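Have a look at the structure that comes next, please.
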Amino acid sequence: SFCTLLITRINRQITNIEVIAHMADSSSAAATAAPAKPTVSGNKVTFRIILTSERTQPFRVITIAEEAPFTAVLRFAAEEFGIASVDSMAATTKDGTGINPAQTSGNVFMKYGQEVRL
């Protein structure tokens, strides 16, 4: 499905970023020892994204790697709901607390829980 394809692409991007970062670290003179493999936990988190701007408050359930950026969750949800600009949305919790999207999905899940409102 499209969701699985998106998650696979995000996981590949994370792995590529970690490899590039590792290559940059190993090029320094201090990193002469055998390089350690990048660690990706493989754990996933599930969010229930609710669109509050519509009267019926439709929702989508999205499962993603916990290392993935939360902005990827918001962009995917915006596409699913047919919203053109993800930049104009605000992510909040059920009690109205704002969520900073510049963190990993795992951090957002641990801080705010599963339910996110747009």
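Note that the structure is a prediction, hence the values are computed from the model and not measured.
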How would you list, by chain and number, every residue that makes a side chain to side chain contact (heavy atoms under 4.5 Å, CB included) with Tyr112, sequence neighbours excluded?
->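 Expected list: Thr93, Thr97, Ile99, Gln103, Val108.
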Salt bridge (charged side-chain N to carboxylate O under 4.0 Å, His left out): which pairs involve residues 91-112, sequence neighbours left out?
->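 Those involving residues 91-112 do not exist here.
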Could you go through the side chain to side chain contact (heavy atoms under 4.5 Å, CB included) check for Gln57 and Arg117 one step at a time?
-> CA-CA 9 Å; Gln57 293 194 345; Arg117 295 173 180 261; 3.9 Å; yes
Separation between CZ of Phe81 and CZ of Phe59, rounded to the nearest 0.5 Å =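 The distance works out to 9.0 Å.
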Neighbour count >12 (heavy atoms, 6.0 Å) for atom CZ, Phe109 =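 Yes, enclosed.
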What heavy-atom pair brings Ile49 and Val73 nearest, and what distance separates the two atoms?
->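 Closest heavy-atom pair between Ile49 and Val73: CD1-CG1, 4.0 Å.
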Between atom OG of Ser105 and atom NZ of Lys44, what is the distance when rounded to the nearest 0.5 Å?
->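 Here the rounded value is 11.5 Å.
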Can you tell me how far CG of Asn107 sits from CZ of Phe70, rounded to the nearest 0.5 angstrom?
->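 Output value for this atom pair is 11.0 Å.
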Gap separating the CD1 atom of Ile64 from the OG1 atom of Thr46, nearest 0.5 angstrom |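 Ile64 CD1 to Thr46 OG1: 10.5 Å, rounded to 0.5 Å.
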Identify the heavy atoms of Leu74 and Ala91 that sit nearest to each other, and give their distance.
->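 Shortest heavy-atom separation between Leu74 and Ala91 comes out as CD2-CB, 4.0 Å.
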Check: Ile62 and Phe76 side chains under 4.5 Å, non-hydrogen atoms =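 Phe76 vs Ile62: side chains touch.
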Side chain to side chain contact (heavy atoms under 4.5 Å, CB included) involving Ser53 - partner list, sequence neighbours excluded =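 Ser53: side chain to side chain contact (heavy atoms under 4.5 Å, CB included) contacts with Leu51.
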Under the 3.5 angstrom rule, does the side chain of Thr104 hit a backbone N or O of Pro69 as a donor-acceptor pair?
->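 A pair under 3.5 Å: no.
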Heavy-atom side-chain contact between Arg48 and Arg60 under 4.5 Å |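 Arg48 vs Arg60: side chains apart.
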Point-to-point distance, once rounded to the nearest 0.5 Å, from CD1 of Ile50 to OG1 of Thr56 =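 Between atom CD1 of Ile50 and atom OG1 of Thr56 there are 11.5 Å.
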For the student: nearest non-hydrogen atoms of Pro101 and Thr71, plus distance =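 Result for this residue pair: O-CG2, 3.5 Å.
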